Amino acid sequence: VTYTYKIRAYAGSDESVAYGEWSEEKSVCRTLETPVLAVSASTYQTVTLAWDQIEDADGYVIYRKASGESSYSKVTTVTGASTVSYQDTSVTTGETYQYYAVAYCKSNNKTQYSDNSNTVKVKPALEQTVVSLSEITLTSAKVNWNKISGADGYVIYRATKKAGDYTKIATLEGAKKTSYVDSDLKAAKTYYYKVRAYRVVNSKKVYASYSEPVSTTTCPTAPTVSQASTSYSAVKVQWESVALPSKNCGYYIYLVNGND
C-alpha cells in the first residue's frame, strides 16, 4: 500500500480562513515487516516456498544460491501481496540450494524493500522406496518396491543383520523395474534388504535415501526320515536334523495315510 500526502498553508481563524496553494504530492510506503520463509514441499525437480503475507507489500522477490556459488541471484518477482508461495522448477536433483525473500512496495517510481528474510536450505531428491518381500523359497526371495517418479533405476542391498553391513547385490536400470529375485540364498537363514532409487544427472548417479530394511527367513530343507519303528500301540519316527533359523522353529509330523 502506498500513502500519498500533500500540504497547504492557511491563515486566519475559524470564521475567516485563507488557504494557500497545495504542495506537490508525495507518496511513501510504510516500513515493511520482514517475511518468514519456509520450504513447504520438495520433489526431485521442484522446490515450493511459502511465507507469511506482509501488510502494505506490493509483492515479493525470491533469491537463490546453489552450492558452489558465492552469491545469491534473483529467481523471480512475485506480484501481489496475497500471493505467498512460489514453486521453483529450475532445480537439479541432488543439488543443495539456499533461498531468502524480501517484500517490496512501490512509490514515486521507487521501490522500497523489507529486510531479508531468514534463509532456508533444501536438496531436491528422489522419494524413498517402500520395500516388501514375497515368494520365499529354500534359496530365493523376491524383493518388491514401489515405482519412484524421476528414477532411472534402483540398487538392491542385502545383509544378514539388521544393523549389519549391507552389500550391493544388484543394480537395475529402468524406472519401471520394481522387483528382483535374489536366488543366491541359503536355506533356513534370515536376510535383510534395502533398496534405493537413483537418477542420472550430468552422467553421474544421484541416489535417494535407503529404504527401511525388511527381512525374511528362507525355508528350511526337507528332513530325511532315518528310521520308523512300530510297536503294538505306537509308531516311532526318527529323522536327521536340519538347520533351523531360530529357537522358535521345530518340526511338524504328518500322517500321510493310516490304513488298517
Side-chain angles (χ1 to χ4, degrees), residues 41-45 93-94 96 122-201 204-230 234-258:
S42 175
T43 72
Y44 73 96
Q45 61 180 356
T93 307
T96 300
V122 61
K123 185 177 183 179
L126 297 169
E127 292 182 3
Q128 184 184 51
T129 51
V130 178
V131 180
S132 63
L133 300 172
S134 63
E135 301 179 20
I136 313 303
T137 70
L138 290 170
T139 58
S140 68
K142 186 177 182 180
V143 186
N144 311 282
W145 58 88
N146 58 313
K147 181 182 176 181
I148 299 300
S149 179
D152 290 320
Y154 305 89
V155 185
I156 300 92
Y157 303 83
R158 185 184 68 202
T160 55
K161 294 182 179 179
K162 185 176 182 179
D165 294 328
Y166 284 77
T167 302
K168 180 172 69 175
I169 59 172
T171 298
L172 301 184
E173 296 182 357
K176 295 182 179 180
K177 295 181 179 180
T178 57
S179 66
Y180 171 76
V181 177
D182 184 8
S183 56
D184 188 28
L185 307 180
K186 295 181 179 180
K189 192 169 183 177
T190 300
Y191 295 92
Y192 294 84
Y193 293 90
K194 291 182 181 180
V195 177
R196 62 175 176 171
Y198 70 85
R199 180 176 175 82
V200 178
V201 178
K204 294 183 179 180
K205 291 179 181 177
V206 177
Y207 293 93
S209 57
Y210 291 95
S211 68
E212 293 297 320
V214 295
S215 66
T216 188
T217 301
T218 52
C219 302
T221 57
T224 300
V225 176
S226 58
Q227 185 177 352
S229 58
T230 61
V235 176
K236 183 179 181 181
V237 180
Q238 294 178 292
W239 59 90
E240 296 178 1
S241 63
V242 297
L244 298 175
S246 72
K247 294 180 180 179
N248 296 323
C249 299
Y251 303 91
Y252 283 108
I253 301 168
Y254 296 86
L255 176 63
V256 179
N257 59 59

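Keep in mind the model is a prediction, meaning the values are calculated, not measured.
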Is [X] reaching over with its side chain to a backbone N or O of [Y], donor-acceptor style, under 3.5 angstrom?
X: T224; Y: E240; result: no
X: T43; Y: Q45; result: yes
X: T93; Y: Y44; result: yes

With the side chain counted from C-beta on, respond yes when [X] and [Y] share a heavy-atom pair under 4.5 Å apart, and no when they do not.
X: I169; Y: Y193; answer: yes
X: T160; Y: Y191; answer: yes
X: Y198; Y: D152; answer: yes
X: Y192; Y: S215; answer: yes
X: Y210; Y: V195; answer: no

For [X] against [Y], the heavy-atom pair lying closest together:
X: A151; Y: A175; result: O-CB, 3.0 Å
X: T217; Y: A188; result: CG2-C, 4.2 Å
X: A197; Y: T129; result: N-CG2, 4.4 Å
X: P213; Y: K162; result: CG-CE, 4.0 Å

> Taking only residues two or more places apart in sequence or in another chain, which ones pass salt bridge (Lys or Arg N to Asp or Glu O under 4.0 Å) with R158?
Replying inline: D182
Gap between atom [atom2] of [Y] and atom [atom1] of [X] - 0.5 Å precision:
X: L185; Y: T218; atom1: CG; atom2: OG1; value: 6.5 Å
X: Q238; Y: S229; atom1: CD; atom2: OG; value: 6.5 Å
X: Y180; Y: L172; atom1: OH; atom2: CG; value: 7.5 Å

Crowded around [X] [atom1]? As in, over 12 foreign heavy atoms under 6.0 Å?
X: E127; atom1: CD; result: no
X: E173; atom1: CD; result: no
X: K186; atom1: NZ; result: no

>> Under the criterion side-chain contact (heavy atoms from CB on, under 4.5 Å), I'd like the reasoning laid out for I148 against Y154: C-alpha separation, chi angles, the key distance, then a yes or no.
In response: CA-CA 9 Å; I148 299 300; Y154 305 89; 4.0 Å; yes
> Pairs in or reaching into residues 135-149: which pass side-chain hydrogen bond (donor to acceptor under 3.5 Å, both in side chains), with residues at least two apart or in two chains?
Replying inline: S134-N144, T137-S140
>> Looking at Y166, I'd like to know if the NZ or CZ of K194 sits under 6.0 Å from its six-membered ring centre while staying within 45 degrees of the ring's axis.
In response: yes
>> Quick one, Y157 with R196, criterion side chain to side chain donor-acceptor pair (under 3.5 Å). Give me CA distance, side-chain angles, the key distance, then yes/no.
In response: CA-CA 9 Å; Y157 303 83; R196 62 175 176 171; 3.0 Å; yes
